[in-house]
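Worksheet: the structure to be examined is printed underneath.
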Amino acid sequence: MTERARKICLLGDFAVGKTSLVSRFVNSTFSEKYLTTVGVKVDSKRVELAGGDAVKLVVWDLAGKAELDSLNRSYIRGAHGLMLVADGTRGASLRAALYLWMQAQKQLAGVPVVMLVNKLDLIAQWEVSTDDIARLQQSLPTWRTSAKAGDGVEEAFAELARRTAELPR
Amino acid sequence: MRRYPDKVSTILQRYLIEKAHPLVISVDRTGRVREIQGDPAHYGYRGNEVEPLLRLCADMRVGAESDRHAFWPLVHLAQGHHVALHWLPDEPCDHVVITDSDLCNAELAERQQTANELALAGIEKSRTIKELKRVRLELEERERALAETQAFQRRLIDTLAHDLRTPLTSIGGYAALLHPHLKENTPLQRALGAIQRNAVYLKALAENLLELARSGHVEANALQRREFALDELVADVDAIVRPMADGKDLALEVAAHANTSAAPCFDPVKLHQVLLNLLSNAVRYTPAGGRVEARIEWDGQELRMTVADTGIGIAPEYQQRVFEPLNRGAQQGKEGAGLGLSIVRQLVDSMGGRIALESAVGVGTRVEVRLPQAPAGPAGEPVPAVPGEPELKLANRRVLIVDDDPDICELLLWSLRDAGYEPEILHDPAHALERVRALDPGLAIIDVDLGLRSGLAVTQELRLAGYHGAVVVFSGAADHRTRRAAERAGADGFLAKPLEMGRFVDWMKRLLPADRQTLEDAE
Ligand SMILES: Nc1nc2c(ncn2[C@@H]2O[C@H](COP(=O)(O)OP(=O)(O)OP(=O)(O)O)[C@@H](O)[C@H]2O)c(=O)[nH]1
Ligand SMILES: [Mg+2]
């Protein structure tokens with residue numbers, strides 16, 4: 001039997017760190033330079049699950065937009081899981097992530113979702129408060145991450161891998 | 001569909017092939033590459049090594065319906081190209097088709113990059129403007145408050161200067177005028193001596209009030225540092241205090257000692273005022289036959305002034321209060337004691353020094369003032385050494401210190417132990433949650449500047465995990481933004497670096513949970 005493969009998409013406003021999170025997760029690298037993603041970039045990585053299983057995560061890193069345009073709509077088709085990404089230093093990006101989720105749900109009802117509030121290393125400049133995070137956690141598995149320092153990244157991807165692997169497809 | 005005339009079709013084909021660089025890979029059912037048309041090298045695949053492209057295509061088909069034409073218009077390849085990618089199921093081979101999108105998308109990419117960067121710059125700009133506005137409002141508010149206080153203080157100063165100083169000067173002047181006309185050692189002359197001493201005391205009191213009135217007054221309060229001779233300070237103060245001491249039959253000793261030839265450089269007027277206040281306090285509260293001693297020591301780095309007496313002493317419950325202004329009655333039933341020590345505290349603070357008091361009722365009091373030799377140049381902005389009210393309630397005496405600087409940790413460890421706590425040190429913030437769970441400290445003291453992992457992130461982590469104990473963070477960035485971020489992250493208190501250890505420890509002592517404190521207070 002071939003290994004299970006799962007498609008996950010990163011959704012979030014521009015410059016919140018989607019590409020950086022993927023390169024931290026896939027290549028363990030980080031760059032300060034901002035190079036916006038045009039279209040989509042697809043990477044994959046094998047993730048070991050508890051109990052010896054493994055799943056291949058195919059990660060779709062989409063161009064950041066505050067709402068779902070037709071291109072991104074076509075890219076998220078068939079996704080098994082969504083990773084919402086916000087930038088803790090920009091409160092508006094959290095609202096954008098939640099709005100994107102709402103829009104994506106029309107197309108992907110019921111797929112597992114995790115929320116990443118990124119740039120934890122810049123917490124001194126965060127607009128998102130601890131209370132905001134605590135509230136988020138009540139409706140979504142939420143991780144505070146830093147693509148730069150690495151905090152939470154592995155854990156968040158593993159969580160989504162686990163949840164998508166449980167799906168029948 | 002109508003076909004183009006053959007000639008047109010040929011030209012179109014050549015044109016499109018030139019621009020779009022189509023690469024077509026045909027793969028049979030077993031996955032073997034049967035045919036490659038086009039130039040793989042254009043997309044960075046050397047030789048005919050197109051495996052990565054096939055793998056990518058297979059990855060992208062995860063989640064898609066398996067036997068349908070799949071099309072992704074704008075895909076970023078690992079080598080940097082942007083392409084349109086087709087998957088065409090066919091017989092006997094399936095085809096992967098890519099065409100170069102860079103040409104038509106270069107402009108799109110550039111526009112998106114510029115637009116996003118502009119938006120980011122806009123966010124940063126409006127943030128900065130908001131911050132500037134807030135700071136300006138705050139400054140205006142402070143300026144207004146300051147102006148009001150200053151106006152009031154100026155009136156107070158004027159009134160005091162006139163209504164107190166003037167008559168006191170004439171009392172002193174007339175007494176001096178009378179002095180030679182009275183016979184030595186007669187009751188009348190002793191009475192005049194008493195008038196003179198009290199006039200001196202009253203004058204010192206008036207000066208203290210003036211200092212208090214001026215203390216919000218920026219210019220008047222600025223330090224006027226200059227070099228001076230210790231002997232002069234001693235002689236001046238001795239001359240003023242000795243008549244009072246003699247009158248009460250006290251042994252008075254005022255002495256200075258320097259073990260360096262470098263002259264001290266302080267604000268001599270303030271220094272004078274500090275010493276005078278300490279000495280006149282000591283003389284006032286020491287019964288006849290007692291002893292008052294002042295020592296001034298200078299080692300080139302620090303000026304230490306100690307005033308010790310064999311007086312009535314101060315009860316422990318009053319020892320903190322004697323440093324507060326107008327604390328009448330703090331010193332065992334005598335009135336008017338308040339001003340002296342509060343002025344001393346203010347003066348010492350303004351010179352960046354520390355003050356310590358030891359006292360036992362019926363035995364005596366010893367006050368030690370230590371003033372660091374500040375480097376030349378304008379005095380630094382005072383930063384609050386400890387958080388203001390409301391003070392924290394600590395559930396227990398365990399303290400977890402999270403800091404990666406071993407020297408600071410050691411210092412905190414010893415001073416907190418001295419203050420009655422049970423501190424523990426943690427250098428690696430990654431284990432903070434684990435340690436807090438194990439230790440359940442009443443207080444966590446966390447350095448904000450811990451390399452990449454901010455102490456604020458640690459604070460947030462503790463709060464999210466349900467830690468309800470007190471968290472105090474300290475940071476070298478004592479600005480409002482960091483302070484607010486600390487609050488948002490869930491910290492109860494914010495300390496500025498470098499920690500002023502003396503005041504920090506005093507503060508911690510006040511926070512000590514009740515069980516221990518009552519034991520100490522009971523003596
Ligand atoms: N300090 C810090 N900077 C980060 C972090 N993650 C990303 N960045 C920076 O944020 C900027 C944007 O990161 P990207 O990963 O390109 O953001 P993106 O979400 O992919 O942006 P788009 O592709 O435009 O949607 C870059 O300058 C990164 O270096 C982080 O965790 N900490
Ligand atoms: Mg990106």
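Every chain is numbered from 1, with letters handed out A, B, ... down the list of sequences.
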Query - Per-residue contact mode, B:R55 against chain A (heavy atom under 4.5 angstrom) - result: neither
Report summary line: Heaviest contributor of heavy-atom pairs below 4.5 Å to chain A, chosen from B:G490, B:A489, B:A119, B:A78, is B:A489
Requested in this report: Report yes if some heavy atom in the side chain of B:P73 is under 4.5 Å from a heavy atom in the side chain of A:L71; otherwise report no.
Outcome: yes
Report summary line: Note: B:A485 and A:A124 closest approach over all heavy atoms is CB-O, 3.1 Å
Requested in this report: Mind checking the CG-CZ spacing from A:D131 to B:R463? Nearest 0.5 Å is all I need.
Outcome: 11.0 Å
Report summary line: Minimal heavy-atom distance between B:R488 and A:S129, with the atoms involved, is CD-CB, 4.0 Å
Query raised in the report: If you measure from CG on B:L464 to CZ on A:R144, what distance do you get to the nearest 0.5 Å?
Result: 5.5 Å
Query raised in the report: Does any donor atom in the side chain of A:T36 or B:Q113 lie under 3.5 Å from an acceptor atom in the other side chain?
Result: no
Report task. State, to 0.1 Å, how close B:L77 and A:K41 come at their nearest heavy-atom pair, and which atoms those are. Result -> O-CE, 4.3 Å
Query raised in the report: Is there a side-chain contact between B:D59 and A:K7, using heavy atoms and a 4.5 Å cut-off?
Result: no
Query raised in the report: Would a 4.5 Å heavy-atom cut-off, applied to side chains only, mark A:V58 and B:M60 as touching?
Result: no
Query - Neighbour count above 12 (heavy atom, 6.0 Å) for B:D67 CG - result: no
Requested in this report: Check the surroundings of atom CD in B:E110: do more than 12 heavy atoms from other residues, nucleotides or ligands lie under 6.0 Å from it?
Outcome: no
Query raised in the report: Between A:S146 and chain B, which part of the residue has a heavy atom less than 4.5 Å away: side chain, backbone, both or neither?
Result: neither
Query raised in the report: What are the two closest heavy atoms between A:I123 and B:S454, and how far apart are they?
Result: CG2-OG, 3.2 Å
Query raised in the report: What distance separates A:T130 OG1 from B:E487 CD, expressed to the nearest 0.5 Å?
Result: 11.5 Å
Query raised in the report: If you draw a 6.0 Å radius around CZ in B:R136, do more than 12 non-hydrogen atoms from other residues or ligands fall strictly inside?
Result: no
Query raised in the report: Of all heavy-atom pairs between A:A15 and B:L120, which one has the smallest distance, and what is that distance?
Result: CB-CD1, 3.7 Å
Query raised in the report: Between A:F14 and B:Q112, is any pair of side-chain heavy atoms under 4.5 Å apart?
Result: no
Query raised in the report: Are any of the side-chain heavy atoms of B:H82 and A:V38 separated by less than 4.5 Å?
Result: yes
Query - Heavy-atom contact with chain A under 4.5 Å, split by part of B:A109 - result: both
**Report entry** Among B:E65, B:E117, B:E461, residue most engaged with chain A (heavy-atom pairs, under 4.5 Å)
**Finding:** B:E461
Query raised in the report: Which answer fits B:L456, side chain, backbone, both or neither, if we ask what part of it has an atom under 4.5 Å from a heavy atom of chain A?
Result: both
Query raised in the report: So, does A:Y75 use its side chain to make a donor-acceptor pair with the main chain of B:L74 at under 3.5 Å?
Result: yes
Query - Flag if over 12 foreign heavy atoms under 6.0 Å of CZ, B:R68 - result: no
Query - Part of A:E127 within contact of chain B (heavy atom distance under 4.5 Å) - result: both
**Report entry** Distance-minimising heavy-atom pair for B:Q460 and A:L120
**Finding:** OE1-CD1, 4.0 Å
